[in-house]
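Encoded as structure tokens, the structure appears first; notes follow it.
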Amino acid sequence: MNSKIRQVAKQLNAGCSSIAWETQDGKHIWGRNYDFNSIAESATTVVPRGLKYYTAGTPYDHNLSEENIVTSKYAAVGVGIMAMQVTPVFYEGINEKGLMGGQLFYAGFASFPDVPRPNSQELNPGYVVTHALLQCATVDEVVDLLTKKATCVNQSLAGSTATVHWVFSDRSGETIIIEPDNQQMTIYRHTAGVMTNSPDYRWHKQNLLSYLNVKNDEFPDRNMDGIEVQKPFKGTGALGLPGDFTSQSRFIRASFLKYYGIKGQNEEEGIQYLFHLLDNVAMPLGIVKVADHGNQQDYDETIYSAAMCAESLKFYWKSYKNSTVQCVDLNHELNNTEVKSFPLNNETPDFKNVN
């Protein structure tokens with residue numbers, strides 16, 4: 001197995017932040033940041049109905065089995081890689097039924113059994129987003145798939161294990177979080193729709209109790225024993241909101257932003273406003289230094305941000321180096337019979353000259 005394939009496989013373990021969103025006119029949106037120190041062989045990819053793919057194994061690991069070949073029920077679009085050859089690997093995406101979701105890094109906590117449950121499909125953790133989007137129409141079906149029909153097993157993907165947890169949302173407005181703990185799936189239903197990385201969701205939710213004093217209201221001016229104290233600045237309500245880039249702090253900031261953020265009247269506003277929120281938990285280049293970078297750059301960054309709408313089936317993204325919002329409308333791709341890719345265009349800025 002060559003080093004390039006190994007490096008591409010490591011991209012499954014990118015750190016991330018995600019937020020579910022709903023506009024005033026009832027559109028359901030989900031978005032995420034993809035935080036890592038490199039990205040290669042990746043593109044916005046459309047996978048058609050009727051595609052045969054494997055739920056486990058790769059030609060590089062020499063562990064393919066015909067028992068793991070299935071056929072896609074639904075078309076889907078998202079950012080991912082085709083480097084595994086036998087199966088498209090989505091980091092996140094949306095399918096034609098409006099099911100949206102993705103994977104986020106879950107270091108130190110992800111735990112998978114070595115063998116599948118009896119009468120269940122063997123499933124590599126790195127293929128979960130792909131398999132769910134190509135087979136499920138709702139979050140209920142995702143839960144059924146991952147707790148009854150399939151077993152995520154302790155299997156590497158081209159030499160790298162996907163230590164991840166998952167978030168899915170649909171047109172009902174419900175967002176679920178699924179975490180592989182103690183070799184079983186822990187399902188969180190009807191969540192607040194915010195997730196980052198380790199620790200687990202239960203810990204993050206408890207940690208919110210430490211920030212109940214943080215709000216968007218300004219502190220009032222005060223008269224202290226005849227001394228009039230007036231604020232010369234804005235934003236006092238958010239005093240105490242953590243500003244670092246750890247998973248814990250990003251979860252707190254994302255929760256604060258979702259709770260107080262203006263939703264937008266329609267999809268267009270909602271997507272723009274959600275991207276602004278994701279910017280607030282994004283990693284600027286040079287701030288998060290990577291200890292063991294190998295042949296990659298020294299810093300993590302938010303390489304791209306993606307957002308999608310369950311009703312319109314539009315998939316939007318922008319990158320660190322090109323902040324122009326790009327879009328693929330899945331409705332226009334439903335008659336495809338082959339996998340189709342669109343470049344991320346994440347290397348060159350796209351400025352609009354107005355004079």
Side-chain angles (χ1 to χ4, degrees), residues 15-35 104 167 169 173-175 177 188 190-288 300-302 305-307 309 316 318 320 323 325:
C16 316
S17 305
S18 68
I19 302 174
W21 202 240
E22 184 174 354
T23 62
Q24 293 179 18
D25 64 350
K27 299 295 191 306
H28 298 98
I29 296 170
W30 181 81
R32 64 89 58 87
N33 288 339
Y34 178 94
D35 306 325
L104 293 80
V167 182
S169 189
E174 183 184 3
T175 301
I177 292 169
Y188 298 96
H190 304 287
T191 71
V194 171
M195 196 59 226
T196 54
N197 310 115
S198 309
D200 58 43
Y201 180 70
R202 187 188 304 274
W203 186 96
H204 282 298
K205 192 166 66 168
Q206 279 190 311
N207 192 38
L208 283 170
L209 295 174
S210 300
Y211 297 90
L212 293 179
N213 60 306
V214 181
K215 54 186 179 179
N216 66 344
D217 291 333
E218 295 288 319
F219 292 157
D221 295 336
R222 295 179 182 177
N223 188 306
M224 302 174 65
D225 290 333
I227 300 174
E228 194 73 28
V229 179
Q230 295 183 333
K231 302 183 304 297
F233 46 77
K234 297 286 187 181
T236 55
L239 281 174
L241 192 68
D244 62 76
F245 299 95
T246 61
S247 172
Q248 303 94 310
S249 295
R250 285 184 283 112
F251 187 95
I252 296 298
R253 281 209 307 285
S255 298
F256 177 86
L257 293 165
K258 175 173 179 173
Y259 186 77
Y260 289 110
I262 300 299
K263 306 302 182 185
Q265 296 183 13
N266 50 40
E267 178 181 343
E268 288 73 21
E269 282 191 355
I271 291 291
Q272 286 283 7
Y273 293 178
L274 178 54
F275 274 134
H276 285 301
L277 267 58
L278 291 171
D279 286 342
N280 204 269
V281 290
M283 295 182 179
L285 185 59
I287 304 303
V288 182
D300 274 350
E301 63 177 286
T302 297
S305 301
C309 177
Y316 304 83
K318 64 174 186 171
Y320 191 89
S323 58
V325 177

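Heavy atoms only: backbone and side chains are in, while hydrogens, waters and symmetry mates are out. Predicted model only: the values in this text are computed from it and were never measured.
- The environment of OH in Tyr260 is crowded: more than 12 heavy-atom neighbours from other residues, nucleotides or ligands sit within 6.0 Å.
- Between the Thr175 side chain and the Gly193 main chain, no donor and acceptor come within less than 3.5 Å of each other.
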Steps toward side-chain contact (heavy atoms from CB on, under 4.5 Å) verdict (Glu268, Val325): CA-CA 11 Å; Glu268 288 73 21; Val325 177; over 6 Å; no

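- Put simply, the side chain of His204 gets close to the backbone of Pro199: a donor and an acceptor are under 3.5 Å apart.
- Closest non-hydrogen pair, Asn33 versus Ser305, comes out as OD1-OG, 2.6 Å.
- Pairing each heavy atom of Ile262 with each of Trp21, the nearest pair is O-CZ2, 3.2 Å.
- Under the side-chain contact (heavy atoms from CB on, under 4.5 Å) rule, Ser255 has a single partner from Val214, Asn207, Val194, Thr196, which is Val194.
- Figure legend: cation-pi geometry between Arg253 and Tyr211 absent, as NZ or CZ is not positioned both under 6.0 Å from the six-membered ring centre and within 45° of its axis.
- Around NZ of Lys215, the count of heavy atoms belonging to other residues, nucleotides or ligands within 6.0 Å does not exceed 12.
- Checking side-chain atoms of Arg250 against main-chain N and O of Cys16 turns up a donor-acceptor pair under 3.5 Å.
- Judged by distance alone, the side chain of Gln265 and the main-chain N or O of Gln24 form no donor-acceptor pair under 3.5 Å.
- Using a 4.5 Å cut-off on side-chain heavy atoms (C-beta onward), Phe245 and Asp300 make no contact.
- Taking every heavy atom of both residues into account, Tyr201 and Met195 meet most closely at CD1-SD, 3.6 Å.
- Contact between Leu285 and Glu301 at its shortest, heavy atoms only, is CD1-OE2, 3.8 Å.
- Note that the CG atom of Asn223 and the CD atom of Gln230 stand 10.0 Å from one another [nearest 0.5 Å].
- The environment of NZ in Lys263 is crowded: more than 12 heavy-atom neighbours from other residues, nucleotides or ligands sit within 6.0 Å.
- One distance of note links CD of Gln248 with CG of Asn197; it measures 9.0 Å at 0.5 Å rounding.
- For the atom pair Thr23 OG1 and Ile29 CD1, the distance stands at 5.5 Å (nearest 0.5 Å).
- Here Ser17 contributes atom OG and Asn280 contributes atom CG; the two are 10.0 Å apart, rounded to the nearest 0.5 Å.
- Considering OH of Tyr34 and CG of Leu104, their distance stands at 11.5 Å, rounded to 0.5 Å.
- Atom NZ of Lys258 sits about 9.5 Å away from atom CG of Leu274, to the nearest 0.5 Å.
- Nearest approach of Thr302 to Tyr320, heavy atoms of both residues: O-CB, 3.3 Å.
- Between Leu241 and Ile252, the shortest heavy-atom contact is CD1-CG2, 3.9 Å.
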